[in-house]
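Here is how names work: the chains are called A, B, and so on, in the same order as the sequence lines, proteins then strands, and each is numbered from 1.
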2 protein chains.
Amino acid sequence: MPRRIGRVSEASAAPARTRIQREKREIILEAALDVFSTHGFRGSTIDQIADACGMSKPNLLYYFRGKEDIHETLMLRLLETWLAPLREFDNVGDPLTELRGYIRRKLEMARDYPRESRLFANEILQGAPRIRAMLEGELKQLVDEKAEIIRAWMRDGKIARTDPRHLIFAIWATTQHYADFDVQVRAVLGPDRGGDGRFEDAARFLEQLFLNGLSPRS
Amino acid sequence: MPRRIGRVSEASAAPARTRIQREKREIILEAALDVFSTHGFRGSTIDQIADACGMSKPNLLYYFRGKEDIHETLMLRLLETWLAPLREFDNVGDPLTELRGYIRRKLEMARDYPRESRLFANEILQGAPRIRAMLEGELKQLVDEKAEIIRAWMRDGKIARTDPRHLIFAIWATTQHYADFDVQVRAVLGPDRGGDGRFEDAARFLEQLFLNGLSPRS
DNA sequence: GCAATTTTTGACCGGTTGGACAAACGTTAG
DNA sequence: CTAACGTTTGTCCAACCGGTCAAAAATTGC
């Protein structure tokens, strides 16, 4: 006798129950990531998402309460993945090595998760209406914390003195650029270096820029 | 006797327009820039734009053929403004001074024309459906040209050897970041340094990063 | 096989959106 | 004034979009 479950899309303390339900929700989220990341929230339609995963619209709405619900679920999941590299950033080991590691991880994320990057960029571009609180709370706190680590390195003369928070911005900007502005990057590089090799070129360049730029001045 | 002009929105070889028509079109474009840059193309409505400039929708459609037409006009105009700093970039004078000038100009554009920056970012994020050709043609050509200037500096040992095109990407990314990700930047910096002072901090940081990062290695 | 439950679907609905249109209004030259 | 043209508006429409609903279909436990 099946245990009482009912509509999956109903809000409840305990999330989706059966294996099939979890799988279907996953398929929907996968398709939604594709659609939302390329058209933005308002530019995407439930029909597009439903088509993208071979489902009818009402069927999709059986698994999620609505468009907003899908987007929110996607966003919450994204944020965890997105902050992970910065959380890893620590003051064990050599400062320049640590920075290089962070740059590398961020660039790998731009390469491996470009849709997530674009989804995030879309949200910020439009004023971050759904994650404003998180930016001013969790993110700010995390950045402040890491900036303090960097500042300590500067005090110890291990790296050049600069504004640590703008340093973090610069790392974000340069790495995410390869995901968010991918079309432009490909267009400018042309077919010759438009393959995946551009990420290796970028890694080389960024390491040189940041490591030379931050080496302690004698 | 008024010379034959007719509907302003009609496509015609010569954009023969009265003074009033040119002014009204300007007002509309100004409002449209506001709306498109914060909601994206699909996320914006003609009604929003009409309201923003105190006009009725049909009245607005008397001056432009449609939503697409407004966006296209805005986009064409934007591109000229957008490429200007790169065009100015030349090999007269000291390389590092020239680079600093370019970074400064780009950062000033991010400060003074954030809406244009976001409009551009929106277009690229969504795959640049309307300006793909321009990216692969005009822009690529311009970048190649400037990259050659930078490469010559490297051959002369005036700046450190790196990939010139990724250098340009890095300058674009870091400067435009302050316009496109403004909400995030403000949130992280907090109220203390969230004023316009952040652009001065950014200028100082970016100059240090790029000039130290590119000084010829002894 | 049967009944309870989950999943899928087609039909439908109200609201929004881009746009058309003709009629009204304003302006200007003779 | 009047004719001709430019400008503005109210009204309307077809397409789209998010979402509901009841009923059909498939699945599951026994």
Quiz item: Counting only non-hydrogen atoms, which of residues 38-47 of chain A are less than 4.0 Å from DNA chain D?
Solution: Ser44(A), Thr45(A), Ile46(A)
Quiz item: When you measure from the centre of the six-membered ring of Phe64(A), is the NZ or CZ of Arg25(A) under 6.0 Å away and within 45° of the axis?
Solution: yes
Self-check item: Qualifying residues under ring-ring contact (aromatic ring centres under 6.0 Å, His included), relative to Phe41(B), sequence neighbours excluded
Solution: Phe36(B), His71(B)
Practice problem: Answer yes or no on whether Arg100(A) is positioned over the face of Phe210(A), meaning its NZ or CZ is under 6.0 Å from the six-membered ring centre and within 45° of the axis. | Solution: no
Quiz item: If you take all heavy atoms of Cys53(A) and Ala31(A), which pair is closest and at what distance?
Solution: CB-CB, 3.9 Å
Quiz item: Could you state the CD-P distance from Glu68(B) to dA20(C), rounded to the nearest angstrom?
Solution: 13 Å
Quiz prompt | Distance-minimising heavy-atom pair for Leu78(B) and Glu116(B) | solution = CD1-CB, 3.5 Å
Quiz prompt | Whole-Å distance separating the CE atom of Met55(B) from the P atom of dT8(D) | solution = 6 Å
Quiz item: How many Å lie between CZ on Arg65(A) and P on dT20(D), as a whole number?
Solution: 11 Å
Quiz item: Can you check the Asn59(A) CG to dG19(D) C1' distance for me, whole Å?
Solution: 14 Å
Quiz item: Between dT7(D) and Tyr62(B), is there an OP1 or OP2 to side-chain N/O distance shorter than 4.0 Å?
Solution: yes
Exercise. Taking all non-hydrogen atoms of both residues into account, name the closest pair between Leu125(B) and Ala121(A) and its distance.
Key: CD1-CB, 3.9 Å
Quiz item: dT17(C) C1' sits how many Å from Leu60(B) CG, rounded?
Solution: 14 Å
Quiz item: Of all heavy-atom pairs between Asp182(B) and Arg198(B), which one has the smallest distance, and what is that distance?
Solution: OD1-NH2, 2.7 Å
Quiz prompt | Proximity to the side chain of Tyr63(B) - top-ranked nucleotide from dT20(D), dT8(D), dG6(D) | solution = dT8(D)
Quiz prompt | Close approaches to DNA chain D from residues 27-36 of chain B, in residue order (heavy atom, under 4.0 Å) | solution = none
Quiz item: Just checking Lys57(B): base, sugar-phosphate only, or nothing, at a heavy-atom cut-off of under 4.0 Å?
Solution: base
Quiz item: How far apart are the closest heavy atoms of Leu139(B) and Leu83(B), and which atoms are they?
Solution: CD1-CD2, 3.5 Å
Practice problem: Return the value, rounded to whole Å, for the distance between atom NE2 of His71(A) and atom P of dC17(D). | Solution: 17 Å
Quiz prompt | Length of the NZ-C1' vector between Lys67(A) and dG15(C), whole Å | solution = 14 Å
Self-check item: Phosphate contact (dT17(C) OP1 or OP2) by Gln48(B) side-chain N/O below 4.0 Å
Solution: no
Self-check item: Face-on cation placement of Lys106(A) at Trp82(A) ring, 6.0 Å and 45° thresholds
Solution: yes
Exercise. Look at the side-chain N and O atoms of Ser56(A) and state whether any lies under 4.0 Å from the OP1 or OP2 oxygen of dT9(C).
Key: yes
Quiz prompt | Selection from dT20(D), dT8(C), dT9(D) that lies nearest to any side-chain heavy atom of Leu61(A) | solution = dT20(D)
